Structures are given as C-alpha cells and as structure tokens.
J.: 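Would you mind keeping the following structure in view while I ask a few things?
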Amino acid sequence: MLEILEYAFMQKAFITGIVIAIACSLLGVFLVLRRYALIGDGIAHISFGGVATGLLFNITPFFGALIFSLIGSLGILNIKAKTNLYGDSAIGIVSHSSLGIGIFILSVANGFNIDILSFLFGSILAIKQSEMVLSIVLAVIVIAVIYFFYNELFSITFDENTSKTFGIKTGFLNTLLIVLTALTIVGSMRVVGLMLASSLIILPAASALQLRLSFKKTLFASAIIAVLSVILGLYLAYMFDFAVSGTIVLLNTIMFILTQIYKKVKSMLIKK
Amino acid sequence: MGNLVEIKNISFNFGSTEVLSKINFSISKGDFVGLIGPNGSGKTTLIKLLLGLYKPQKGSIKINGKDISEFSDWGKIGYVPQKATNFSDTFPASVQEIVLTGSLSNKRFLKKYTSKDYDLALEALKKVEMQDFLNRRIGELSGGQQQRVFIARALITNPEILILDEPTTGVDQETQTKFYDLLHTLNKEGISIIIVSHDLQRVTKYVTKVASLNKKLDFYGSHKEFCSHPDHDNEHHCLIIKKGHECKEPKCDEPACMKEKKC
C-alpha cells in the first residue's frame, strides 16, 4: 500500500491534494454558511477564460486563470455595488462572459486539445513541479488569511449587520472571501479540474455541518473529511485506474451520505 | 453631568424618501428609553444612525460629547438586534464563540482573543444567568435563552448604553417578562437602555422616558406625561400605570385589551 509513495508523481499528487483540500474545506464552511456556495462555480467559469487566454498567448495557464479570476471576482463585486442586480446575477454575468471568451478563443485557436481538458477535469498525477509549488503557495495563503482573520470572518458569517457595529470592515472581508475563493479555485485546477473545483469547497463543509459541532470543530471536521477523500481518492484511482477527480468527488459525496446516516442513527438512539 | 447621547436636528432620507425629520432629544446616564412608533416610522433607521451605520444628511449626533463621526469607542455601545443575520438553529457555533465576538469592538489590528476576553465572556454570561450554557450550541437554546446570549455579547465590553431593536419578537410572554426584568436589573446597575418596541406593555414598569416616532418626534418625555395626553390615555400600556390595570389572562374585560387583543 505504501509503495505508491515511492513514486515522485504520487508524492507530488498527495502533497498538493492534501494542502488544497485543507484550504478549500476551511473556506467552504464560511461560504456555505453565508450562502455563497456556488460562487466557486462562477469563478471556475471565469478561470476557464483565463486558461484559454493563457494557452492562446503561450502564458502559463495558471497565471491566466489567476488574473482572470481575480479581475472577475472584483468585477462581480463592482457590478453588484453599481447596479440593482443581486449577487447571483452578477456572478452569472461575469462568469458566463468569461466562459464565452474562453470558448471563442479556443475556436479561434482551432478547437480543444488535451491541455484544456486537463484543466477542465484535473490531472493531479501529471502535475508539474512549478504547478505544485503554485498550488501550494495559493493554498497556504488562503489558510494563513483564514487564520489571521478568523474571528472577524466568524463574526460576519454569523451576524454581518451587528459585526458592522463592532467596527469590523465587512466590505473588506466580503471582498477578501471572494478573492480567497478565486485563489482556491485556481489552486484546485490540477487536483479536480475547473468542472469540479467547487465541489471541494462545498461538499466537505456541507458534510461537517451535519455533525452539529461548534464552529472550530466544524472547520476541523471539514478539513479531515476533505483530506481523507483526497488520500483515499488518490489511492483508489491508482489501484483501479479510476479518474482521480471523479473518485475524490464521489468519495466526498459518500462522506456526505455517511453524515446523514450518522445523524439519523444518533437521533434514533437519543429517542430511545 | 453632560448627556450621554445628544441628537440634534437629525434628518435622514433614503433617496428622495424622507425617513426622519428634525429629530431632537437627548439621553442621560441611567435612562431607560422606550422608542415606539408604527412600522416605517424610522425607529430602526434612528438606531442605525446611533450605531454609526448611517450618516445623517442633516443634524448631528454626539456620544459622550463627541461627534459621532469622530467617535471610535464603540465598545461603550452594546447592540442587541432582533435577529442575527445568518442565524438559524443549525448554525454551528457555541454560546462562548458568539459572546466572544462582542469583544472585537475593542480590538484594533490583529483581532485575537486573550484569556481576559474569555473571562469577560463568562462574566457577561453570568450577568444574564447563562453561564452554564457556555459550550452549548446556540441552536439548542430556546428563543429567550438565545436573546440572553445576544445581550451577553453586547455586555462583554461593559457598555454604557445598550440598544435593543425589538429583541423579544417571537418570544412567549412569560419569557418576555423575565427578559425585561433582566433589562431592569442592568439599568439599575447603571447601563442606559434604548429599546425599540411596537408595544410598551411589557416594559412599562421600567421605562423612564418614551420617544414616540413617526418620521418626526411626536413625543419625548416621561411615560406618565405620555399617558397623560388625551391621544394616548387609551393605550394599553398607559392603562397599566394610570388605572393600575393588570391583564387578567387568558381573557381580559378591559375595553382596550379586548380591542387590541393584548391579553
């Protein structure tokens, strides 16, 4: 079982996957509770535009995705502030515009190729050293920011209006959350791909929230669920030649189902 | 002694809609002010102006003699909302985690909790008799208990003023009575209180002043003066002090009670 760790590509996959899983799952708790769960999908669409632009102009797709997702995230906030549209409409406008740009660029560049598919569906087993470093740096930034701003992020997640009366800069923190989401989506590109990146944010958090714990324990539970899914997912994918991204997401789904079963059994035992 | 809060000629619009017009009154230390008025009368807007969340288009607000635009000691003002923004019974937070957030108003850059903050959180919970619920999840508590936790959150910084915006919505009558008894105790300990209410019935015994708002300030003065006015003497909370009326539950034969279905 441990022999898979002798391979350099598996070592890179495990390290990247675990660090990204932690970042996504911690951020996911805040986003799910604030009802911003699907913003990850929106940013993934935006990132696709950046990847396509990067491939067209021979710029590292990672940087293309990062630039597009950061500009796009701030664009979402700008549209929301300056128009009467709700957040979901603003996300839809920016994300689908960027998706359109991406598809247009690819048609001009003579269609899809294997490079773009690897960003759409993930290719953690083929991750380059530079991409691993970039993913880890982005994930560490996300984890560090959550650590330093933890108390304020918790406060605005629970009660944003009253948090304003504490002098907390809620506007800045909302922008920060969206920027962190952009960083995690880009960091997750190689792990599970843009199509499924949002699942690493939503599923572990949703599972942990079923356990009815304190906030800190929910964060820990979310991270543990995400990391277990990545480790088991990589192992199963290696053993049975499954698609890594799909296996990881399926395992996350199974974890969610298991938490539901746990909840039911617990309530039945309490009634007895 | 100067006034704790001075509101001078405050006017406020949302776009072209006038919400508040030329509001003038002041609050002294130890006051317990009931802020009443119909829906849309500007009560919550006035509260948000006092909390610095809105800026008045005309007039000024001073807290402890300092203009609100320069006021930074927000720990001196405790706020208890009607309901927390994203709160539901499934929100994963312990009572301690929620009360601690109140101490963030006293912190500047790196807002980390110290051991003193944890002690203050416990002290605040003791004041509201919720210290045994420190590690319980907020969703497991009753409505009345949850509101006590929110009061503890507001008390952690030892505020001089406590502002409550319809804090007993959805809470049963017996719990409301206990809740207002608690506010009365805090007021006797020196905390000035401003409470927004649709109905002063429950808090009648305790308020020292009534501010009646309907875009303009219709009345500001003692509760007795309010009830002495012919326009108000048939209000249920006035009957309680004027005629010594007490509701006879479950059904009361006092005309005002029967009309308003107060009892």
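What you see below is based on every heavy atom in this structure, not just the backbone, and it leaves out hydrogens, waters and symmetry mates. All values derive from a computational prediction rather than experimental measurement. Naming: A, B, ... by sequence-line order, numbering from 1 per chain.
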J.: Specify which of B:T90, B:L51, B:I98 makes the most heavy-atom pairs with chain A at under 4.5 Å.
T.: B:I98
J.: Can you list the steps and then say if A:T162 with B:R153 is a side chain to side chain contact (heavy atoms under 4.5 Å, CB included)?
T.: CA-CA 10 Å; A:T162 306; B:R153 180 178 62 168; 3.6 Å; yes
J.: Begin with the C-alpha distance, continue with both residues' side-chain angles, and end with the deciding distance and a verdict on side chain to side chain contact (heavy atoms under 4.5 Å, CB included) for A:N151 and B:L104.
T.: CA-CA 8 Å; A:N151 291 330; B:L104 292 173; 3.9 Å; yes
J.: Among B:G52, B:G78, B:G102, B:A154, which has the most heavy-atom pairs under 4.5 Å with chain A?
T.: B:G102
J.: Is there side-chain contact between B:F91 and A:F215, with at least one heavy-atom pair below 4.5 Å?
T.: yes
J.: Can you tell me if NZ on B:K8 sees more than 12 non-hydrogen neighbours from other groups inside 6.0 Å?
T.: no
J.: What's the shortest heavy-atom distance between A:F148 and B:K112, and which atoms?
T.: O-NZ, 3.4 Å
J.: Looking at every heavy atom in both B:R137 and A:R212, which two are closest together, and how far apart are they?
T.: CD-O, 3.2 Å
J.: Is A:D159 close to B:P81 at the side-chain level, that is, under 4.5 Å between some pair of heavy atoms?
T.: yes
J.: So for A:T218, is it side chain, backbone, both, or neither that comes closer than 4.5 Å to the heavy atoms of chain B?
T.: side chain
J.: What distance separates B:I138 CD1 from A:S214 OG, expressed to the nearest 0.5 Å?
T.: 13.0 Å
J.: Classify the ring geometry between A:F158 and B:F150 as parallel (under 30°), tilted (30 to 60°) or perpendicular (over 60°).
T.: tilted
J.: State, to 0.1 Å, how close B:A93 and A:F154 come at their nearest heavy-atom pair, and which atoms those are.
T.: CB-CZ, 3.7 Å
J.: With a 6.0 Å cut-off (strictly less than), is the heavy-atom count around NZ of A:K263, excluding the residue itself, greater than 12?
T.: yes
J.: Is the count of non-hydrogen atoms from other residues, nucleotides or ligands lying under 6.0 Å from A:Y147 atom OH greater than 12?
T.: no
J.: Identify which part of A:K216 has an atom lying under 4.5 Å from any heavy atom of chain B, answering side chain, backbone, both or neither.
T.: both
J.: Go through B:Q96, B:K48, B:E97, B:R136 and name the one with the most non-hydrogen pairs under 4.5 angstrom from chain A.
T.: B:E97
J.: So which part of A:I168 gets closer than 4.5 Å to some heavy atom of chain B, the side chain, the backbone, both or neither?
T.: side chain
J.: Does A:T165 reach the side chain of B:W74, with side-chain heavy atoms less than 4.5 Å apart?
T.: no
